[in-house]
Student: 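Take a look at the following structure, please.
Below, chains carry the letters A, B, ... as their sequence lines are ordered, and counting in each starts from 1.
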2 protein chains.
Amino acid sequence: VVRLAGVTRSYRTGQVRVDALRDVDLSVESGEFVSIMGPSGSGKSTLLNLVGCLDRPTSGSREIAGQLTDRMSDGALADLRNRFLGFVFQDFRLMPDLDALANVELPLVYRGLPARERHRLARAALEEVGLAARAHHRPAQLSGGEQQRVAIARALVGQPALILADEPTGALDSQSSRMIMAIFQRLNRERGLTIVQVTHDERVARHGGRLIRLLDGRVVSDEPVVER
Amino acid sequence: VVRLAGVTRSYRTGQVRVDALRDVDLSVESGEFVSIMGPSGSGKSTLLNLVGCLDRPTSGSREIAGQLTDRMSDGALADLRNRFLGFVFQDFRLMPDLDALANVELPLVYRGLPARERHRLARAALEEVGLAARAHHRPAQLSGGEQQRVAIARALVGQPALILADEPTGALDSQSSRMIMAIFQRLNRERGLTIVQVTHDERVARHGGRLIRLLDGRVVSDEPVVER
Ligand SMILES: Nc1ncnc2c1ncn2[C@@H]1O[C@H](COP(=O)(O)OP(=O)(O)OP(=O)(O)O)[C@@H](O)[C@H]1O
Ligand SMILES: Nc1ncnc2c1ncn2[C@@H]1O[C@H](COP(=O)(O)OP(=O)(O)OP(=O)(O)O)[C@@H](O)[C@H]1O
Ligand SMILES: [Mg+2]
Ligand SMILES: [Mg+2]
(Lines give C-alpha, C1' and ligand atoms only; values in the text may rest on other atoms or scores of the structure.)
(Ligands and ions follow the chains in the order given, each with its own letter.)
Protein backbone atom coordinates (compact mmCIF):
# COMPACT_ATOMS: atom_id res chain seq x y z
CA VAL A 1 0.00 0.00 0.00
CA VAL A 2 3.10 2.23 0.31
CA ARG A 3 6.09 2.09 -2.05
CA LEU A 4 8.80 4.73 -1.89
CA ALA A 5 11.88 4.19 -4.08
CA GLY A 6 14.95 6.40 -3.99
CA VAL A 7 13.00 9.17 -2.31
CA THR A 8 14.86 12.35 -1.41
CA ARG A 9 13.47 15.54 0.09
CA SER A 10 15.58 18.67 0.32
CA TYR A 11 14.77 22.18 1.48
CA ARG A 12 16.55 25.42 0.64
CA THR A 13 16.82 28.11 3.33
CA GLY A 14 18.72 30.96 1.75
CA GLN A 15 22.05 29.55 0.59
CA VAL A 16 21.81 26.40 2.67
CA ARG A 17 20.26 23.15 1.55
CA VAL A 18 18.89 20.79 4.18
CA ASP A 19 18.60 17.17 3.01
CA ALA A 20 15.77 16.09 5.29
CA LEU A 21 15.49 12.67 3.58
CA ARG A 22 18.17 10.96 1.49
CA ASP A 23 17.54 8.09 -0.90
CA VAL A 24 14.85 6.32 1.14
CA ASP A 25 13.32 3.03 0.02
CA LEU A 26 10.23 1.96 1.95
CA SER A 27 7.61 -0.70 1.31
CA VAL A 28 4.59 -1.16 3.57
CA GLU A 29 2.09 -3.94 2.86
CA SER A 30 -1.60 -3.76 3.63
CA GLY A 31 -2.32 -4.67 7.26
CA GLU A 32 1.13 -3.83 8.61
CA PHE A 33 1.65 -1.80 11.80
CA VAL A 34 4.95 0.07 11.42
CA SER A 35 6.70 2.31 13.97
CA ILE A 36 9.30 4.91 12.98
CA MET A 37 11.81 6.21 15.52
CA GLY A 38 14.84 8.48 15.37
CA PRO A 39 16.42 11.60 16.84
CA SER A 40 14.85 15.04 16.65
CA GLY A 41 15.40 16.37 13.12
CA SER A 42 16.17 12.98 11.58
CA GLY A 43 13.38 13.24 8.98
CA LYS A 44 10.47 11.32 10.53
CA SER A 45 7.75 13.95 9.94
CA THR A 46 9.14 14.62 6.48
CA LEU A 47 8.85 10.90 5.69
CA LEU A 48 5.33 10.70 7.06
CA ASN A 49 4.22 13.74 5.06
CA LEU A 50 5.56 12.13 1.88
CA VAL A 51 3.84 8.82 2.58
CA GLY A 52 0.65 10.77 3.28
CA CYS A 53 0.92 12.70 0.00
CA LEU A 54 0.94 16.06 1.76
CA ASP A 55 4.27 16.84 0.16
CA ARG A 56 6.15 15.78 -2.99
CA PRO A 57 9.61 14.18 -3.07
CA THR A 58 12.49 16.21 -4.49
CA SER A 59 13.40 13.01 -6.35
CA GLY A 60 12.44 9.34 -6.40
CA SER A 61 9.13 7.59 -7.03
CA ARG A 62 6.07 6.98 -4.89
CA GLU A 63 3.09 4.63 -5.13
CA ILE A 64 0.26 4.90 -2.60
CA ALA A 65 -2.84 2.64 -2.51
CA GLY A 66 -1.71 1.17 -5.83
CA GLN A 67 -1.49 4.55 -7.58
CA LEU A 68 1.72 6.07 -8.94
CA THR A 69 1.57 9.64 -7.66
CA ASP A 70 4.40 11.34 -9.50
CA ARG A 71 2.19 12.96 -12.14
CA MET A 72 -0.95 13.42 -10.08
CA SER A 73 -2.32 16.92 -9.72
CA ASP A 74 -2.80 18.51 -6.29
CA GLY A 75 -6.54 17.91 -6.59
CA ALA A 76 -6.04 14.24 -7.41
CA LEU A 77 -3.71 13.87 -4.42
CA ALA A 78 -6.32 15.52 -2.18
CA ASP A 79 -8.93 13.00 -3.36
CA LEU A 80 -6.57 10.10 -2.76
CA ARG A 81 -5.84 11.33 0.76
CA ASN A 82 -9.51 11.74 1.56
CA ARG A 83 -10.48 8.31 0.29
CA PHE A 84 -7.69 6.25 1.79
CA LEU A 85 -5.76 8.12 4.46
CA GLY A 86 -6.20 9.31 8.01
CA PHE A 87 -3.63 11.68 9.46
CA VAL A 88 -2.60 12.57 13.02
CA PHE A 89 -0.26 15.57 12.84
CA GLN A 90 2.51 16.24 15.35
CA ASP A 91 0.87 19.62 16.05
CA PHE A 92 -2.73 18.35 15.78
CA ARG A 93 -3.96 21.00 13.27
CA LEU A 94 -7.52 21.29 14.47
CA MET A 95 -9.69 24.08 13.06
CA PRO A 96 -9.70 26.67 15.85
CA ASP A 97 -13.21 27.99 15.14
CA LEU A 98 -14.92 24.58 15.10
CA ASP A 99 -15.83 22.55 18.15
CA ALA A 100 -14.49 19.02 18.70
CA LEU A 101 -17.47 17.36 17.01
CA ALA A 102 -17.25 19.55 13.89
CA ASN A 103 -13.51 18.96 13.69
CA VAL A 104 -14.03 15.19 13.76
CA GLU A 105 -16.73 15.46 11.06
CA LEU A 106 -14.48 17.27 8.58
CA PRO A 107 -13.32 14.21 6.56
CA LEU A 108 -16.97 13.18 6.21
CA VAL A 109 -18.02 16.65 5.04
CA TYR A 110 -15.44 16.36 2.27
CA ARG A 111 -17.05 13.07 1.24
CA GLY A 112 -20.53 14.56 1.14
CA LEU A 113 -22.10 12.48 3.91
CA PRO A 114 -25.41 13.87 5.22
CA ALA A 115 -25.35 15.73 8.54
CA ARG A 116 -27.15 13.10 10.62
CA GLU A 117 -24.73 10.39 9.51
CA ARG A 118 -21.72 12.64 10.16
CA HIS A 119 -22.92 13.47 13.70
CA ARG A 120 -23.47 9.81 14.48
CA LEU A 121 -20.05 8.68 13.28
CA ALA A 122 -18.24 11.66 14.85
CA ARG A 123 -19.91 11.14 18.23
CA ALA A 124 -18.93 7.47 18.17
CA ALA A 125 -15.32 8.41 17.37
CA LEU A 126 -15.19 10.95 20.24
CA GLU A 127 -16.66 8.38 22.60
CA GLU A 128 -13.98 5.91 21.54
CA VAL A 129 -11.23 8.34 22.66
CA GLY A 130 -13.03 9.25 25.90
CA LEU A 131 -14.17 12.75 24.88
CA ALA A 132 -17.95 12.56 24.52
CA ALA A 133 -18.20 15.23 27.26
CA ARG A 134 -16.03 17.65 25.26
CA ALA A 135 -17.93 17.51 21.95
CA HIS A 136 -18.78 21.21 22.02
CA HIS A 137 -15.47 22.57 23.28
CA ARG A 138 -13.31 24.36 20.74
CA PRO A 139 -9.58 23.54 20.63
CA ALA A 140 -8.67 26.52 22.84
CA GLN A 141 -11.01 25.08 25.46
CA LEU A 142 -9.33 21.68 25.43
CA SER A 143 -6.21 20.42 27.17
CA GLY A 144 -3.21 19.36 25.06
CA GLY A 145 -4.03 15.69 25.40
CA GLU A 146 -7.70 16.32 24.64
CA GLN A 147 -6.74 18.13 21.41
CA GLN A 148 -4.53 15.21 20.44
CA ARG A 149 -7.36 12.75 21.04
CA VAL A 150 -9.74 14.85 18.90
CA ALA A 151 -7.12 14.71 16.12
CA ILE A 152 -6.99 10.92 16.47
CA ALA A 153 -10.78 10.63 16.35
CA ARG A 154 -10.79 12.76 13.18
CA ALA A 155 -8.16 10.53 11.57
CA LEU A 156 -10.19 7.37 12.26
CA VAL A 157 -13.77 8.55 11.67
CA GLY A 158 -13.74 7.92 7.91
CA GLN A 159 -12.41 4.37 8.33
CA PRO A 160 -9.29 4.97 6.22
CA ALA A 161 -7.20 2.16 4.74
CA LEU A 162 -3.96 3.70 6.02
CA ILE A 163 -3.35 5.86 9.04
CA LEU A 164 -0.25 8.06 9.42
CA ALA A 165 0.25 9.14 13.01
CA ASP A 166 3.00 11.56 14.04
CA GLU A 167 3.61 11.18 17.79
CA PRO A 168 -0.02 10.08 18.47
CA THR A 169 0.60 9.82 22.22
CA GLY A 170 3.09 12.69 22.62
CA ALA A 171 0.72 14.76 24.74
CA LEU A 172 -0.90 11.86 26.59
CA ASP A 173 -0.46 10.41 30.07
CA SER A 174 0.19 6.67 30.33
CA GLN A 175 -3.47 5.72 30.75
CA SER A 176 -4.61 7.69 27.68
CA SER A 177 -1.63 6.33 25.71
CA ARG A 178 -2.68 2.79 26.50
CA MET A 179 -6.23 3.60 25.39
CA ILE A 180 -5.03 4.94 22.03
CA MET A 181 -2.66 2.01 21.45
CA ALA A 182 -5.48 -0.43 22.25
CA ILE A 183 -7.64 1.29 19.62
CA PHE A 184 -4.84 1.14 17.04
CA GLN A 185 -4.11 -2.51 17.73
CA ARG A 186 -7.76 -3.50 17.58
CA LEU A 187 -8.34 -1.68 14.26
CA ASN A 188 -5.15 -3.21 12.86
CA ARG A 189 -6.06 -6.77 13.88
CA GLU A 190 -9.84 -6.71 13.33
CA ARG A 191 -10.10 -4.44 10.31
CA GLY A 192 -6.69 -4.71 8.74
CA LEU A 193 -6.06 -0.97 9.18
CA THR A 194 -2.50 -0.26 7.99
CA ILE A 195 -0.69 1.97 10.49
CA VAL A 196 2.54 3.96 10.14
CA GLN A 197 3.31 5.81 13.38
CA VAL A 198 6.21 8.05 14.37
CA THR A 199 7.00 7.90 18.07
CA HIS A 200 9.74 8.74 20.58
CA ASP A 201 8.31 6.20 23.05
CA GLU A 202 9.75 2.66 22.87
CA ARG A 203 6.65 1.16 24.52
CA VAL A 204 4.39 2.77 21.93
CA ALA A 205 6.76 1.66 19.15
CA ARG A 206 6.59 -1.96 20.35
CA HIS A 207 2.81 -2.07 19.79
CA GLY A 208 3.67 -2.27 16.10
CA GLY A 209 5.00 -5.28 14.20
CA ARG A 210 7.97 -3.55 12.59
CA LEU A 211 10.38 -0.85 13.76
CA ILE A 212 12.21 1.47 11.36
CA ARG A 213 14.91 3.83 12.63
CA LEU A 214 15.95 7.03 10.88
CA LEU A 215 19.22 8.92 11.35
CA ASP A 216 20.13 12.06 9.41
CA GLY A 217 17.47 11.44 6.78
CA ARG A 218 18.36 7.79 6.11
CA VAL A 219 16.85 4.47 7.15
CA VAL A 220 19.48 2.86 9.37
CA SER A 221 17.51 -0.15 10.55
CA ASP A 222 14.26 -1.97 9.71
CA GLU A 223 13.48 -4.90 12.00
CA PRO A 224 10.48 -6.93 13.12
CA VAL A 225 9.24 -6.26 16.64
CA VAL A 226 9.83 -9.58 18.34
CA GLU A 227 7.19 -9.75 21.09
CA ARG A 228 3.75 -8.39 20.35
CA VAL B 1 8.54 32.33 45.29
CA VAL B 2 5.10 30.82 44.54
CA ARG B 3 2.16 30.86 46.96
CA LEU B 4 -1.29 29.77 45.85
CA ALA B 5 -4.01 29.52 48.52
CA GLY B 6 -7.49 28.15 47.90
CA VAL B 7 -7.09 28.67 44.17
CA THR B 8 -9.95 27.63 41.94
CA ARG B 9 -10.27 28.05 38.18
CA SER B 10 -13.56 27.38 36.43
CA TYR B 11 -14.62 27.79 32.81
CA ARG B 12 -18.12 28.16 31.40
CA THR B 13 -18.89 26.55 28.02
CA GLY B 14 -22.52 27.33 27.34
CA GLN B 15 -24.52 25.91 30.25
CA VAL B 16 -21.74 23.70 31.53
CA ARG B 17 -19.13 24.73 34.06
CA VAL B 18 -15.77 22.93 34.00
CA ASP B 19 -13.86 23.16 37.30
CA ALA B 20 -10.34 22.82 35.91
CA LEU B 21 -8.76 23.48 39.34
CA ARG B 22 -10.47 23.13 42.72
CA ASP B 23 -9.20 24.65 45.94
CA VAL B 24 -5.48 24.24 45.27
CA ASP B 25 -2.85 25.23 47.82
CA LEU B 26 0.71 25.29 46.52
CA SER B 27 3.94 26.70 47.95
CA VAL B 28 7.20 26.61 46.02
CA GLU B 29 10.38 27.96 47.62
CA SER B 30 13.22 29.58 45.72
CA GLY B 31 15.61 26.97 44.30
CA GLU B 32 13.11 24.10 44.22
CA PHE B 33 12.71 21.82 41.20
CA VAL B 34 9.10 20.61 41.15
CA SER B 35 7.46 18.15 38.74
CA ILE B 36 3.68 18.00 38.20
CA MET B 37 2.04 14.87 36.81
CA GLY B 38 -1.52 13.76 36.24
CA PRO B 39 -3.96 12.43 33.66
CA SER B 40 -4.92 14.31 30.52
CA GLY B 41 -7.39 17.03 31.50
CA SER B 42 -6.51 16.97 35.22
CA GLY B 43 -5.62 20.69 35.32
CA LYS B 44 -1.82 20.74 34.93
CA SER B 45 -1.61 23.41 32.21
CA THR B 46 -4.29 25.44 33.99
CA LEU B 47 -2.19 25.33 37.18
CA LEU B 48 0.98 26.29 35.32
CA ASN B 49 -0.75 29.22 33.59
CA LEU B 50 -1.94 30.50 36.98
CA VAL B 51 1.52 30.19 38.55
CA GLY B 52 2.93 31.99 35.50
CA CYS B 53 0.40 34.83 35.80
CA LEU B 54 -0.95 34.23 32.31
CA ASP B 55 -4.40 33.72 33.76
CA ARG B 56 -6.28 34.79 36.88
CA PRO B 57 -7.87 32.44 39.44
CA THR B 58 -11.66 32.32 39.67
CA SER B 59 -11.11 32.48 43.44
CA GLY B 60 -8.27 32.19 45.95
CA SER B 61 -5.10 34.23 46.41
CA ARG B 62 -1.74 34.20 44.66
CA GLU B 63 1.69 35.59 45.49
CA ILE B 64 4.51 35.37 42.93
CA ALA B 65 8.10 36.59 43.49
CA GLY B 66 6.94 38.15 46.74
CA GLN B 67 4.13 40.15 45.13
CA LEU B 68 0.44 39.70 45.83
CA THR B 69 -1.08 39.63 42.36
CA ASP B 70 -4.80 39.80 43.05
CA ARG B 71 -5.13 43.51 42.33
CA MET B 72 -2.38 43.89 39.75
CA SER B 73 -3.35 45.24 36.35
CA ASP B 74 -2.66 43.24 33.19
CA GLY B 75 0.28 45.56 32.44
CA ALA B 76 1.78 45.01 35.87
CA LEU B 77 1.42 41.23 35.47
CA ALA B 78 3.16 41.43 32.07
CA ASP B 79 6.09 43.29 33.67
CA LEU B 80 6.30 40.74 36.48
CA ARG B 81 6.36 37.89 33.98
CA ASN B 82 9.05 39.52 31.88
CA ARG B 83 11.31 40.25 34.85
CA PHE B 84 11.05 36.96 36.70
CA LEU B 85 9.54 34.21 34.59
CA GLY B 86 10.47 32.00 31.67
CA PHE B 87 7.73 29.92 30.01
CA VAL B 88 7.78 26.78 27.87
CA PHE B 89 4.27 26.25 26.51
CA GLN B 90 2.79 22.85 25.72
CA ASP B 91 2.24 24.07 22.13
CA PHE B 92 5.48 26.11 21.96
CA ARG B 93 3.90 29.39 20.74
CA LEU B 94 6.73 30.62 18.58
CA MET B 95 6.13 33.66 16.34
CA PRO B 96 5.64 32.13 12.89
CA ASP B 97 7.14 35.05 10.95
CA LEU B 98 10.35 35.26 12.99
CA ASP B 99 13.33 32.95 12.64
CA ALA B 100 14.63 30.91 15.59
CA LEU B 101 17.14 33.58 16.64
CA ALA B 102 14.56 36.38 16.64
CA ASN B 103 12.14 34.20 18.58
CA VAL B 104 14.74 33.55 21.26
CA GLU B 105 15.54 37.30 21.46
CA LEU B 106 11.94 38.31 22.17
CA PRO B 107 12.15 38.47 26.00
CA LEU B 108 15.27 40.66 25.65
CA VAL B 109 13.53 43.00 23.17
CA TYR B 110 10.84 43.57 25.78
CA ARG B 111 13.56 44.55 28.26
CA GLY B 112 15.14 47.01 25.88
CA LEU B 113 18.50 45.28 25.47
CA PRO B 114 20.56 46.55 22.49
CA ALA B 115 20.65 44.37 19.37
CA ARG B 116 24.25 43.21 19.65
CA GLU B 117 23.69 42.00 23.24
CA ARG B 118 20.45 40.24 22.26
CA HIS B 119 22.11 38.42 19.34
CA ARG B 120 24.98 37.28 21.57
CA LEU B 121 22.73 35.92 24.32
CA ALA B 122 20.26 34.35 21.88
CA ARG B 123 23.01 32.59 19.91
CA ALA B 124 24.43 31.19 23.15
CA ALA B 125 20.99 29.91 24.16
CA LEU B 126 20.46 28.22 20.78
CA GLU B 127 23.89 26.63 21.00
CA GLU B 128 23.01 25.30 24.44
CA VAL B 129 20.02 23.39 23.00
CA GLY B 130 21.96 22.16 19.96
CA LEU B 131 20.35 24.46 17.36
CA ALA B 132 23.06 26.91 16.30
CA ALA B 133 22.68 25.56 12.73
CA ARG B 134 18.96 26.42 12.69
CA ALA B 135 19.20 30.06 13.81
CA HIS B 136 17.64 31.38 10.60
CA HIS B 137 14.93 28.78 10.12
CA ARG B 138 11.39 29.91 10.82
CA PRO B 139 9.14 27.60 12.90
CA ALA B 140 7.55 26.07 9.78
CA GLN B 141 11.05 25.07 8.68
CA LEU B 142 11.82 23.30 11.94
CA SER B 143 10.95 19.83 13.17
CA GLY B 144 8.63 19.44 16.18
CA GLY B 145 11.51 18.80 18.55
CA GLU B 146 13.50 21.70 17.10
CA GLN B 147 10.58 24.06 17.73
CA GLN B 148 10.34 22.81 21.29
CA ARG B 149 14.04 23.44 21.85
CA VAL B 150 13.74 26.97 20.45
CA ALA B 151 10.91 27.56 22.96
CA ILE B 152 13.18 26.30 25.76
CA ALA B 153 16.04 28.55 24.64
CA ARG B 154 13.63 31.52 24.62
CA ALA B 155 12.45 30.68 28.16
CA LEU B 156 16.02 30.61 29.50
CA VAL B 157 17.69 33.44 27.57
CA GLY B 158 16.67 36.18 30.02
CA GLN B 159 17.93 34.24 33.03
CA PRO B 160 14.58 34.18 34.80
CA ALA B 161 14.18 33.41 38.51
CA LEU B 162 11.42 30.89 37.85
CA ILE B 163 10.81 28.71 34.83
CA LEU B 164 7.42 27.12 34.08
CA ALA B 165 7.74 24.30 31.58
CA ASP B 166 4.70 22.46 30.20
CA GLU B 167 5.88 19.10 28.78
CA PRO B 168 9.38 20.46 27.94
CA THR B 169 10.46 17.12 26.43
CA GLY B 170 7.12 16.04 24.92
CA ALA B 171 8.39 16.29 21.35
CA LEU B 172 11.95 15.12 22.05
CA ASP B 173 13.76 11.83 21.53
CA SER B 174 15.58 10.36 24.53
CA GLN B 175 18.93 11.96 23.70
CA SER B 176 17.47 15.47 23.34
CA SER B 177 15.40 14.92 26.50
CA ARG B 178 18.54 14.07 28.46
CA MET B 179 20.20 17.21 27.09
CA ILE B 180 17.32 19.43 28.23
CA MET B 181 17.12 17.78 31.66
CA ALA B 182 20.88 18.24 32.11
CA ILE B 183 20.46 21.95 31.33
CA PHE B 184 17.58 22.27 33.81
CA GLN B 185 19.46 20.44 36.55
CA ARG B 186 22.62 22.47 36.04
CA LEU B 187 20.76 25.82 36.15
CA ASN B 188 18.84 24.64 39.22
CA ARG B 189 21.97 23.55 41.10
CA GLU B 190 24.46 26.20 39.95
CA ARG B 191 22.21 29.24 39.66
CA GLY B 192 19.32 28.38 41.94
CA LEU B 193 16.83 28.56 39.06
CA THR B 194 13.41 27.57 40.44
CA ILE B 195 11.71 25.10 38.09
CA VAL B 196 8.10 23.94 37.92
CA GLN B 197 7.62 21.43 35.11
CA VAL B 198 4.58 19.49 33.92
CA THR B 199 5.46 16.13 32.42
CA HIS B 200 3.91 12.78 31.48
CA ASP B 201 7.34 11.11 31.63
CA GLU B 202 8.32 9.57 34.98
CA ARG B 203 12.03 9.74 34.14
CA VAL B 204 11.77 13.46 33.42
CA ALA B 205 9.70 13.95 36.59
CA ARG B 206 12.38 12.28 38.70
CA HIS B 207 14.98 14.88 37.69
CA GLY B 208 13.13 17.19 40.07
CA GLY B 209 13.24 17.16 43.87
CA ARG B 210 9.50 17.07 44.46
CA LEU B 211 6.59 15.39 42.66
CA ILE B 212 3.03 16.73 42.77
CA ARG B 213 0.16 14.71 41.29
CA LEU B 214 -3.12 16.21 40.11
CA LEU B 215 -6.40 14.39 39.59
CA ASP B 216 -9.62 16.11 38.48
CA GLY B 217 -8.31 19.55 39.37
CA ARG B 218 -7.03 18.68 42.86
CA VAL B 219 -3.61 17.98 44.33
CA VAL B 220 -3.76 14.34 45.40
CA SER B 221 -0.12 13.85 46.39
CA ASP B 222 2.96 15.99 47.02
CA GLU B 223 6.09 13.97 47.83
CA PRO B 224 9.86 14.39 47.72
CA VAL B 225 11.65 12.55 44.92
CA VAL B 226 13.80 10.10 46.81
CA GLU B 227 16.82 9.43 44.57
CA ARG B 228 18.25 12.34 42.66
N1 LIG C 1 -10.95 27.64 28.00
C2 LIG C 1 -11.53 26.51 28.48
N3 LIG C 1 -12.87 26.39 28.49
C4 LIG C 1 -13.46 25.28 28.97
N5 LIG C 1 -12.80 24.21 29.47
C6 LIG C 1 -11.46 24.28 29.46
C7 LIG C 1 -10.73 25.41 28.97
N8 LIG C 1 -9.42 25.17 29.09
C9 LIG C 1 -9.30 23.95 29.64
N10 LIG C 1 -10.53 23.41 29.86
C11 LIG C 1 -10.81 22.12 30.48
O12 LIG C 1 -10.17 22.10 31.76
C13 LIG C 1 -9.60 20.81 32.01
C14 LIG C 1 -8.15 20.96 32.41
O15 LIG C 1 -7.39 21.43 31.32
P16 LIG C 1 -5.79 21.46 31.35
O17 LIG C 1 -5.35 22.02 30.04
O18 LIG C 1 -5.31 22.16 32.58
O19 LIG C 1 -5.43 19.90 31.48
P20 LIG C 1 -4.00 19.20 31.49
O21 LIG C 1 -3.84 18.50 32.79
O22 LIG C 1 -2.93 20.17 31.08
O23 LIG C 1 -4.17 18.08 30.38
P24 LIG C 1 -3.13 17.50 29.27
O25 LIG C 1 -2.26 16.55 30.00
O26 LIG C 1 -4.05 16.81 28.31
O27 LIG C 1 -2.41 18.65 28.66
C28 LIG C 1 -9.78 19.99 30.74
O29 LIG C 1 -10.76 19.01 30.97
C30 LIG C 1 -10.22 20.97 29.68
O31 LIG C 1 -11.20 20.42 28.81
N1 LIG D 1 10.43 23.72 5.43
C2 LIG D 1 11.69 23.41 5.84
N3 LIG D 1 12.73 24.16 5.43
C4 LIG D 1 13.98 23.87 5.83
N5 LIG D 1 14.33 22.85 6.63
C6 LIG D 1 13.32 22.06 7.08
C7 LIG D 1 11.96 22.31 6.73
N8 LIG D 1 11.18 21.39 7.34
C9 LIG D 1 12.03 20.61 8.04
N10 LIG D 1 13.30 21.01 7.89
C11 LIG D 1 14.49 20.40 8.47
O12 LIG D 1 14.51 19.03 8.05
C13 LIG D 1 14.94 18.20 9.13
C14 LIG D 1 13.95 17.07 9.33
O15 LIG D 1 12.73 17.57 9.81
P16 LIG D 1 11.58 16.60 10.36
O17 LIG D 1 10.44 17.49 10.78
O18 LIG D 1 11.27 15.55 9.36
O19 LIG D 1 12.28 15.92 11.63
P20 LIG D 1 11.67 14.90 12.71
O21 LIG D 1 12.44 13.65 12.63
O22 LIG D 1 10.19 14.82 12.56
O23 LIG D 1 12.03 15.61 14.08
P24 LIG D 1 11.21 15.70 15.49
O25 LIG D 1 11.42 14.39 16.16
O26 LIG D 1 11.94 16.82 16.17
O27 LIG D 1 9.79 16.02 15.18
C28 LIG D 1 15.09 19.07 10.36
O29 LIG D 1 16.46 19.25 10.63
C30 LIG D 1 14.44 20.38 9.98
O31 LIG D 1 15.16 21.51 10.50
MG1 LIG E 1 8.59 15.48 13.68
MG1 LIG F 1 -1.76 20.38 29.41
Student: Between A:Val18 and B:His137, what is the shortest heavy-atom contact and its length?
Tutor: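 Heavy-atom minimum between the residues: CG2-CE1, 3.8 Å.
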Student: For A:Gln175, which atoms come within 4.5 Å of any heavy atom of chain B: side chain, backbone, both, or neither?
Tutor: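 Neither part, no heavy atoms under 4.5 Å.
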Student: Looking only at heavy atoms and a cut-off of under 4.5 Å, which of A:Arg149, A:Gln148, A:Met37 has the most pairs with chain B?
Tutor: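 The candidate making the most pairs under 4.5 Å is A:Arg149.
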Student: Could you look at A:Val16 and say if it's the side chain, the backbone, both or neither that has a heavy atom under 4.5 Å from chain B?
Tutor: neither
Student: Is chain B contacted by the side chain of A:Ser174, its backbone, both, or neither, given a heavy-atom distance below 4.5 Å?
Tutor: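 Nothing of A:Ser174, per the 4.5 Å heavy-atom cut-off to chain B.
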Student: Drop me the distance from A:Thr169's OG1 to B:His200's NE2, to the nearest 0.5 angstrom.
Tutor: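 So the gap between those two atoms works out to 9.5 Å.
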Student: Count the heavy atoms belonging to other residues, nucleotides or ligands that lie under 6.0 Å from CZ of A:Arg56, then report whether that count exceeds 12.
Tutor: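 Yes, enclosed.
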Student: Pick from B:Pro39, B:Ala20, B:Gly38: which one has the most heavy-atom pairs with chain A under 4.5 Å?
Tutor: B:Pro39
Student: So for B:Ser176, is it side chain, backbone, both, or neither that comes closer than 4.5 Å to the heavy atoms of chain A?
Tutor: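 Contact with chain A involves the side chain of B:Ser176 alone.
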Student: Hey, is CZ on A:Arg203 packed in by over 12 heavy atoms from elsewhere, all under 6.0 Å?
Tutor: no
Student: Would a distance-only check, ignoring hydrogens and angles, find a side-chain to backbone donor-acceptor pair under 3.5 Å from B:Asp173 to A:Ser40?
Tutor: yes
Student: Above 12 or not: heavy atoms from other molecules or residues under 6.0 Å from CD of B:Glu117?
Tutor: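 Yes, enclosed.
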Student: Which bit of B:Arg134 comes within less than 4.5 Å of chain A, counting heavy atoms only: side chain, backbone, both or neither?
Tutor: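 It is the side chain, since no backbone atom gets that close.
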Student: Evaluate whether atom CZ of A:Arg22 has more than 12 neighbouring non-hydrogen atoms of other residues, nucleotides or ligands under 6.0 angstrom away.
Tutor: yes
Student: Looking at every heavy atom in both B:Gln90 and A:Ala171, which two are closest together, and how far apart are they?
Tutor: NE2-CB, 4.3 Å
